[in-house]
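First up is the structure itself, then whatever we jot down about it.
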Amino acid sequence: MEGGGQCPAAPPGRPQAERLQLLLRRSREAKTWAYCPYSRFPVGAALLTASGEIFSGCNVENACYSLGVCAERTAIQKAISEGHSSFRAMAIASDMGDNFIAPCGACRQVMREFGTDWDIYLTKPDGTYIVKKLEELLPLSFGPEHLKK
């Protein structure tokens with residue numbers, strides 16, 4: 001942490017202050033790589049795995065609109081493709097001005113595949129954020145455990 005200040009202890013399961021700042025920064029950096037010529041709405045996401053690695057992603061649009069993919073799903077797919085399937089947190093960044101960016105319904109369902117008890121940091125361009133558990137963003141959800149019944 002700059003200035004030599006002490007980092008407050010993070011709640012159990014939440015990233016420590018320095019790791020959280022890195023996660024937030026990586027989501028902003030990922031946003032700069034967004035391919036969004038149609039919506040002109042860049043989004044970046046950074047995913048923290050249970051082992052402490054960070055995978056970032058951006059939205060990638062397509063002229064056939066339905067074939068585009070969101071930043072959140074890009075980050076998850078990158079992590080999965082490298083052997084990670086246990087996640088602790090995700091930060092999402094956009095240029096929405098005064099509003100916090102939130103994942104779309106499809107992304108919430110993809111995130112849900114990997115549990116409900118992980119943190120989602122919804123940010124504003126000024127760096128402020130709110131944190132929600134995935135369970136709060138997708139209540140009464142359907143997941144893999146329902147297929148085993």
Side-chain angles (χ1 to χ4, degrees), residues 1 7-36 38-62 65-148:
M1 195 166 159
C7 293
R14 293 228 168 119
Q16 292 295 322
E18 290 177 12
R19 199 71 177 153
L20 173 57
Q21 290 306 312
L22 177 60
L23 186 69
L24 294 167
R25 187 176 79 240
R26 293 279 304 272
S27 72
R28 290 188 303 270
E29 290 169 354
K31 181 183 63 159
T32 66
W33 296 106
Y35 177 75
C36 52
Y38 310 109
S39 71
R40 301 197 189 313
F41 190 82
V43 179
L47 177 65
L48 178 63
T49 68
S51 64
E53 291 189 56
I54 295 176
F55 291 87
S56 60
C58 62
N59 53 321
V60 180
E61 295 180 349
N62 190 283
Y65 293 164
S66 64
L67 296 180
V69 65
C70 298
E72 300 90 330
R73 285 182 276 160
T74 299
I76 289 170
Q77 290 166 352
K78 285 173 68 176
I80 294 294
S81 72
E82 299 211 15
H84 300 271
S85 60
S86 183
F87 308 129
R88 290 180 44 206
M90 178 180 280
I92 308 167
S94 77
D95 293 331
M96 277 192 8
D98 293 335
N99 297 310
F100 292 103
I101 183 69
C104 73
C107 285
R108 293 175 197 212
Q109 184 62 46
V110 170
M111 296 159 105
R112 169 58 178 92
E113 183 72 12
F114 305 98
T116 60
D117 191 31
W118 46 297
D119 295 325
I120 311 302
Y121 291 83
L122 311 175
T123 72
K124 289 183 182 180
D126 67 4
T128 58
Y129 64 85
I130 57 175
V131 61
K132 300 285 184 183
K133 290 286 186 192
L134 183 56
E135 187 170 22
E136 294 177 84
L137 297 177
L138 192 64
L140 302 172
S141 63
F142 181 82
E145 68 278 7
H146 294 103
L147 296 174
K148 296 176 183 172

In this structure, CE of M90 is separated from CD1 of I54 (nearest 0.5 Å) by 11.5 Å

For Y35, all residues meeting ring-ring contact (aromatic ring centres under 6.0 Å, His included), sequence neighbours excluded: none

Is there a side-chain contact between R28 and L24 in this structure, where contact means two heavy atoms from C-beta onward sitting under 4.5 Å apart? yes

Pairs under 3.5 angstrom only: tabulate donor-acceptor contacts from the side chains of residues 101-115 to other protein residues two or more places apart or in another chain.
unit_1 : atom_1 : unit_2 : atom_2 : d
R108   : NE     : P103   : O      : 2.7
R108   : NH1    : L137   : O      : 2.8
R108   : NH2    : P103   : O      : 3.1
Q109   : NE2    : F142   : O      : 2.9
R112   : NE     : S141   : OG     : 2.6
R112   : NH2    : E145   : OE1    : 3.4
R112   : NH2    : E145   : OE2    : 2.3

In Å and rounded to the nearest 0.5 Å, what is the CZ to NZ distance from F100 to K132? 9.5 Å

Checking W33 against C58 for the side chain to side chain contact (heavy atoms under 4.5 Å, CB included) test, could you report, in this order, the C-alpha distance in whole Å, the side-chain angles of both residues, the deciding distance, and whether it holds? CA-CA 6 Å; W33 296 106; C58 62; 4.1 Å; yes

Walk me through it: do F87 and L134 pass the test side chain to side chain contact (heavy atoms under 4.5 Å, CB included)? CA-CA 11 Å; F87 308 129; L134 183 56; over 6 Å; no

Please check if the side chain of E61 supplies one atom and the backbone of Y38 the other of a donor-acceptor pair under 3.5 Å. yes

If you look only at pairs with a residue in residues 40-50, which of them pass as a side-chain hydrogen bond (donor to acceptor under 3.5 Å, both in side chains), with sequence neighbours excluded? T49-S51

Hey, mind stepping through D117 and K133 against salt bridge (Lys or Arg N to Asp or Glu O under 4.0 Å) and telling me if it holds? CA-CA 6 Å; D117 191 31; K133 290 286 186 192; 3.3 Å; yes

Considering all heavy atoms of both residues, which atom of G57 and which atom of A75 are nearest to each other, and what is their separation? N-CB, 3.8 Å

Answer yes or no: is there a donor N or O on one side and an acceptor on the other, between the side chain of N59 and the main chain of G44, under 3.5 Å? no

Would you please name every residue forming a side chain to side chain donor-acceptor pair (under 3.5 Å) with R25, sequence neighbours left out? E29

Side chains of H84 and F55, heavy atoms from C-beta outward: is any pair under 4.5 Å? yes

To the nearest 0.5 Å, what is the distance between CD1 (I92) and OH (Y121)? 12.0 Å

Any side-chain hydrogen bond (donor to acceptor under 3.5 Å, both in side chains) pairs touching residues 90-99, not counting sequence neighbours? K31-D95

Any idea which heavy atoms bring P125 and G97 closest together, and the distance? CD-O, 3.2 Å

Suppose the criterion is side-chain hydrogen bond (donor to acceptor under 3.5 Å, both in side chains): which pairs have a residue in residues 65-82, not counting sequence neighbours? none

Atom of A93, atom of S27 and distance for their closest heavy-atom approach: CB-OG, 3.6 Å

Can you tell me how far OG1 of T123 sits from CE of M96, rounded to the nearest 0.5 angstrom? 9.0 Å

Applying side chain to side chain contact (heavy atoms under 4.5 Å, CB included) to I76 and L47, what does each step give before you reach the verdict? CA-CA 7 Å; I76 289 170; L47 177 65; 3.9 Å; yes

